[in-house]
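Some notes on the structure that comes next.
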Amino acid sequence: MNDSIAFFSGFGPKDLWFLTQAAWQTLLISVLSISGGTILGIFFGWILSESKVVGAITVGFILDAFRSVPLIIQLVLFYNLFNVIGLAVSPFWAGVTILGVYTSALVANVARGGIEAVGAPMRRAGRSLGMSYLQTMRYVVWPIGLRAVFPSWVGVALGVLKDSALVSVLGHPELLKVARDLITRTQQPLLVLAVAGAFYFALSFPISRYAAHLERKWQS
Amino acid sequence: MNFDYTFHWRPVIRKLPELLEASLVTLQISVLSMIIGIGIGLVLALLRMGGPKYLSWIATAWVETARNTPALFQLFFFSFGLGAFGLHLTPYLIVLAGLSFNNAGYLAENFRGGFQAVPDTQMRAARSLGMSTTQAYTRIIIPQVFRIVYHPMTNQLVWAVLMSSLAMIVGFRELAGETQAQAFKTFRIFEYFAVTALIYYVMVKMILGISRLLSWRLFRY
């Protein structure tokens, strides 16, 4: 029965390389969807803060739906929707797109909070100093609002980094998918899971530490 | 780009009773995991604030693992990971254990924040009025902490409902799992998941609505 050796072989250095590549995929998906989602989310947040009634019923309602439906359902649903309308999208880009829109729904709330954290008197003061609307936004609202909501934004980003694991349902070989495949082959679940977990920890822990550091620096 | 797909909603409507029944399973497992999570989370928070050194270290490890790894990873640990020790849980227990583990980690941090937000002077004032430590905790400290952590707890319950959809991957038939099973039987994947998305939306809104009503009743004073 030497054949079985080919199917079930132990965890080797090559597999560590596999997992490293998979972690790279996870990082790539996260960075793309977080940056895209943040830009989109700031725009939505601006709409929500400027237009309290119309914005809340249209944009607010749609974004709220994205926050109220499990991401995994959204991924399967929209990936199939892309197929239904005849768009051939790779699992990677479908995942990035859906995760990006999901991120924007979370960031919109944060961004709105940031804009509203800067009180109307402060903005009026900016305007009466002769600044244009855009200048007030850029030199008054942005720096103050950013400091107010930066911690929540980091929280969102870390959440998305972890949620990127769900792109595995579309079949893209990111960290958790590769880990699962390796478990099936090596039959050494604890080792593989420990390595995969260490990768996630290595990705997210430094970010949360750096954010805490930045927060302390800004407060002083 | 050519559109040649016909929607078929009838198979989904026919299976709607099954889906609704499965959504009750979702609610049940989420609420149960919340109850377990609150219990463990309280213990973890108290241990982190001042327990024996090694216990507080375990609590920190639990909280950091729960918060810094994906929930799906935690589910995998309870399915494959415990399997390595020859402990094979049923899919229901895997999901329940995974959700409870995650809830406990997040709630512990909320509780810790809540306890730290209540000033020490409250405790001293209660003690100087002649209350015992237990009385001071149950009558003075805990009610104030509860008020602070009420909204984070509601959010965590919503998260638990959303997170329970991961059960689909480990093969447990709650709402998402049932949907997947039915969808792949009929290949009406889009239609099934659209209806399921709607059910999740309604469930989340119901939880938030009930929680708001409760908060009016609870925090009248």
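When reading the values below, keep in mind they use all heavy atoms of this one structure, side chains included, and skip hydrogens, waters and symmetry mates. Naming convention: chains lettered A, B, ... in sequence-line order (proteins, then strands); numbering from 1 in each chain. Given the structure is predicted, the values throughout are model-derived calculations rather than measurements.
Minimum heavy-atom separation, V84(A) to F7(B): CG1-CZ, 4.0 Å. The minimum heavy-atom distance between S165(B) and I72(A), with the atom names listed, is OG-CG2, 3.3 Å. Between S204(A) and N68(B), the shortest heavy-atom contact is OG-OD1, 2.9 Å.
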Item to complete: Any chance you could lay out the side-chain contact (heavy atoms from CB on, under 4.5 Å) test for V76(A) and T179(B), step after step, and finish with the verdict?
Response: CA-CA 11 Å; V76(A) 179; T179(B) 309; over 6 Å; no
Worksheet entry | Residue pair I73(A), Y200(B): steps toward the side-chain contact (heavy atoms from CB on, under 4.5 Å) verdict | CA-CA 9 Å; I73(A) 304 285; Y200(B) 270 111; 3.9 Å; yes
Discussion item. Set out, in order, the CA-CA distance, both residues' side-chain angles and the distance that settles side-chain contact (heavy atoms from CB on, under 4.5 Å) for L166(A) and L166(B), then state yes or no.
Written reply: CA-CA 9 Å; L166(A) 299 185; L166(B) 299 179; 3.2 Å; yes
Item to complete: Dump the intermediate steps for side-chain contact (heavy atoms from CB on, under 4.5 Å) on N80(A) and F193(B), then the final yes or no.
Response: CA-CA 9 Å; N80(A) 277 287; F193(B) 278 85; 5.6 Å; no
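Residue F61(A) places its CZ atom among 12 or fewer non-hydrogen atoms of other residues, nucleotides or ligands, all under 6.0 Å distant. Within a 6.0 Å radius of OH in Y210(A), no more than 12 heavy atoms belonging to other residues, nucleotides or ligands are found. Atom CZ of F18(A) sits in a sparse spot, with 12 or fewer heavy atoms from other residues, nucleotides or ligands closer than 6.0 Å. Other residues, nucleotides and ligands contribute over 12 non-hydrogen atoms within 6.0 Å of the CD atom of Q116(B). The environment of F43(A) atom CZ is sparse: at most 12 non-hydrogen atoms of other residues, nucleotides or ligands sit within 6.0 angstrom. Counted within 6.0 Å of NZ on K14(A), heavy atoms from surrounding residues, nucleotides or ligands total 12 or fewer; the atom is thus considered open. Other residues, nucleotides and ligands contribute over 12 non-hydrogen atoms within 6.0 Å of the CH2 atom of W9(B). The environment of CZ in F187(B) is sparse: at most 12 heavy-atom neighbours from other residues, nucleotides or ligands sit within 6.0 Å.
Distance CD1/I169(B) to CG/L176(A): 8.0 Å, rounded to 0.5 Å. For the atom pair OG1 of T69(B) and OH of Y200(A), the computed distance is 9.0 Å after rounding to the nearest 0.5 Å. Taking CZ of F80(B) as the start and CD of Q187(A) as the end, the distance is 9.5 Å to the nearest 0.5 Å. Here CD1 of I189(B) is found 10.5 Å from OH of Y79(A). Values are rounded to the nearest 0.5 Å. The CG atom of L190(A) sits 6.0 Å away from atom CZ of F77(B), with the distance rounded to the nearest 0.5 Å. To the nearest 0.5 angstrom, F78(A) atom CZ is 7.5 Å from F190(B) atom CZ.
Residue contact with chain A, scored on non-hydrogen atoms closer than 4.5 Å, involves the backbone and the side chain of E64(B) alike. For S168(A), the part lying under 4.5 angstrom from a heavy atom of chain B is the side chain only. Only the side chain of I183(A) has a heavy atom closer than 4.5 Å to any heavy atom of chain B. Of the two parts of Y192(B), neither the backbone nor the side chain holds a non-hydrogen atom closer than 4.5 Å to a non-hydrogen atom of chain A. Only the side chain of M168(B) has a heavy atom closer than 4.5 Å to any heavy atom of chain A.
Contacts with chain B were tallied for L71(A), L191(A), L81(A); L81(A) has the most, counting heavy-atom pairs under 4.5 Å. In terms of heavy-atom pairs under 4.5 Å with chain B, the best-connected choice from V192(A), L175(A), D64(A) is D64(A).
Within the 3.5 Å criterion, the main-chain N or O of L72(B) finds no donor-acceptor partner in the side chain of K162(A).
The shortest side-chain heavy-atom distance between K205(B) and S68(A) falls under the 4.5 Å cut-off.
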